[in-house]
Engineer: 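Sharing a structure, written as structure tokens. Questions coming.
We number each residue from 1, following the sequence as shown. Counting starts at 1 for both ligands and their atoms, in listed order.
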Amino acid sequence: MIKTAVVYSNVWEDPELNRVSLQVKPGQNVLSITSGGCNSLCLLLEDPKKLISIDLNTAQLAMLELKRAAIIELEYEDFIEVLGTPFFRKLSTRPAHYRIDLYNKIKKHMPGYAVDFWDQNQQLLKDGAMMCGKVEKFFAIYRTILKWLYGEKEILKLFEARDLAEQKEIYKNFRKKKWNGLHRILLNRTILSLVKGAHSFAMVDFEDFAGNLNRKRTLGMTRFFNPDNYFMCLLMLGGHYHEKGMSPYLLRENFPKLKKNIGALEIYKGTIGDVLKKEGPGTYDRLNLSNIFEWMTNEVFNSIIRECIELSRPGARMAWRYTFARPRELDAENLSRLEYEPELSDRLFKQDRAFIYESFHVYHLK
Ligand SMILES: C[S@@+](CC[C@H](N)C(=O)[O-])C[C@H]1O[C@@H](n2cnc3c(N)ncnc32)[C@H](O)[C@@H]1O
């Protein structure tokens, strides 16, 4: 019996930041933190020789195993269907058991632990695996309350502007009092800890999560055109607004490449240290480190960075981010090995369609 649950069925991190910062070259080896698996699959589109996608949570790995098996076995429409890819106001025409039929067809490509997980959680497949994470379920509660407070018509105005300039105007005039009130009630340390685990916020040294996220909501609403920003659509509407506004690994035009490259993906339960023990030093060129340092002390952060450096080949590039916490500081030894790229980090941070993050950091090996 697998007891862990999926926390993130999507990666709420903009894959474009990884693509531009890591600059994966064909033939390179890439390490990527799994989470919902989306961004590992997006990096696979860059033609690496090998991509190892790691996580400590078995349920997250089972999520990626589902996506991988679907890519191997299915054609595009069924790939989108088995994941329960949500589209705003466009429900699947298939009955729920069709997803189970597809799952039964693809499970031969999954290892035993992933089959056990999905066998035990068939209801998640019926309901749509792509929105089954604890974070996604929390967002569903959030938008239900928001809809109750404002009515759907009012919320939809934020998605119906003709362009970004008009959207900014609509957002500026939107009555935000009840919205901010909801943030005060829902977005605090206690409730967020229930969703993501208290450890996630151990290093956050402020309490005004609502204020922090109000500010970031304004960034999201004023920098990016909502219908094209699938992060905003999934959060506020529970589905993609249109077929082009999805993560690259879900786009129809990228599916043949994904199928071609899927053999380069290794899904691995363990830490960066475990990969180092398994594969030895000097074996990876690119590292997508998500926001794993969020809750670590400076000491632990620096010891993991040391492992990353040891794992890296000359010229290796790595990137990480923080959601709320202030960045950890590299110690002298790590600083002597890594070169920060401040302009690129800053430029990409400003382009972050996932808009909830506090900072983005790009480094390369000196
Ligand atoms: C850091 S969390 C953040 C999720 C992310 N911000 C998102 O929106 O999807 C992503 C994943 O990292 C995994 N994780 C955390 N620390 C890790 C570590 N040291 N090694 C491998 N995986 C780790 C967690 O289990 C989780 O599934």
Engineer: Give the ring-plane orientation class for Trp12 versus Phe231, where under 30° counts as parallel, over 60° as perpendicular and anything between as tilted.
Structural biologist: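 Tilted.
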Engineer: For atom 18 (C) of ligand 1, find the nearest protein heavy atom and state the residue, atom name and distance (0.1 Å precision).
Structural biologist: Leu56 CD1, 3.7 Å
Engineer: Check whether any N or O atom of Ser35, backbone or side chain, sits under 3.5 Å from an N or O atom of ligand 1, and answer yes or no.
Structural biologist: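 It does: an N or O of Ser35 is found under 3.5 Å from an N or O of ligand 1.
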Engineer: Number the atoms of ligand 1 from 1 as they appear, then name those within less than 4.0 Å of a heavy atom of Gly270, with their elements.
Structural biologist: 21 (C)
Engineer: Do Arg306 and Asp331 sit within salt-bridge range, that is, some charged N less than 4.0 Å from a carboxylate O?
Structural biologist: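 A salt bridge links Arg306 with Asp331.
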Engineer: If you have a sec, work out which protein heavy atom is nearest atom 25 (O) of ligand 1 and how many Å separate them, to one decimal?
Structural biologist: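 For this ligand atom, the closest protein heavy atom is Asp55 OD1, 2.5 Å.
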Engineer: Relative to ligand 1, is Trp295 under 4.0 angstrom through side chain, backbone, both or neither, heavy atoms considered?
Structural biologist: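 Side chain only.
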Engineer: Do any nitrogen or oxygen atoms of Trp12 come within less than 3.5 Å of a nitrogen or oxygen of ligand 1?
Structural biologist: yes
Engineer: Taking the six-membered ring of Tyr357, is the NZ or CZ of Arg321 close enough (under 6.0 Å from the centre) and on axis enough (within 45°)?
Structural biologist: yes
Engineer: Just checking, is any N or O donor in the side chain of His183 or Tyr142 under 3.5 Å from an acceptor N or O on the other one?
Structural biologist: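 A pair is found: one side chain offers a donor N or O, the other an acceptor, under 3.5 Å apart.
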Engineer: Please report which non-hydrogen protein atom sits nearest to atom 6 (N) of ligand 1, along with the residue it belongs to and the distance in Å to one decimal place.
Structural biologist: Glu13 OE2, 2.8 Å
Engineer: Answer yes or no on whether Lys176 is positioned over the face of Tyr171, meaning its NZ or CZ is under 6.0 Å from the six-membered ring centre and within 45° of the axis.
Structural biologist: yes
Engineer: Is the closest N or O pair between Gln60 and ligand 1 shorter than 3.5 Å?
Structural biologist: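 Among all N and O atoms of Gln60, none is under 3.5 Å from an N or O of ligand 1.
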Engineer: How close does the nearest protein non-hydrogen atom get to atom 16 (N) of ligand 1, and which residue and atom is it?
Structural biologist: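 Residue, atom and distance for the closest contact: Ile292 CG2, 3.6 Å.
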Engineer: Is it true that Val7 lies under 4.0 Å from ligand 1, counting heavy atoms only?
Structural biologist: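 No; Val7 lies far enough from ligand 1 that no heavy-atom distance drops under 4.0 Å.
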Engineer: Would you verify whether the NZ or CZ of Arg217 falls within 45 degrees of the ring axis of Trp179 while also being under 6.0 Å from that six-membered ring's centre?
Structural biologist: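 The answer is yes, since Arg217 meets both limits relative to Trp179.
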Engineer: Measure from NZ or CZ of Lys178 to the centre of the six-membered ring of Tyr150, then state whether that distance is under 6.0 Å and the direction lies within 45° of the axis.
Structural biologist: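 Output yes; distance and angle both within limits.
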Engineer: Might you work through the side chain to side chain contact (heavy atoms under 4.5 Å, CB included) test for His361 and Tyr340, ending with a clear yes or no?
Structural biologist: CA-CA 8 Å; His361 307 263; Tyr340 185 43; 3.9 Å; yes
Engineer: Looking only at heavy atoms of Asn39, does any of them come nearer than 4.0 Å to an atom of ligand 1?
Structural biologist: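 Contact check Asn39 vs ligand 1: negative.
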Engineer: Side chain or backbone of Ile33 under 4.0 Å from ligand 1, or both, or neither, by non-hydrogen atoms?
Structural biologist: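 For Ile33, the contact with ligand 1 is made by the side chain alone.
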Engineer: May I ask you to identify, for Tyr322, whether its side chain, its backbone, both or neither come under 4.0 Å of ligand 1 on a heavy-atom basis?
Structural biologist: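 Neither; no heavy atom under 4.0 Å.
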Engineer: Does Ser290 approach ligand 1 within less than 4.0 angstrom via side chain, backbone, both or neither, non-hydrogen atoms only?
Structural biologist: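 Near ligand 1, Ser290 shows its side chain, while the N, CA, C and O stay back.
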Engineer: Validate the cation-pi geometry between Lys278 and Tyr268: distance from NZ or CZ to the six-membered ring centre under 6.0 Å, angle to the ring axis within 45°.
Structural biologist: yes
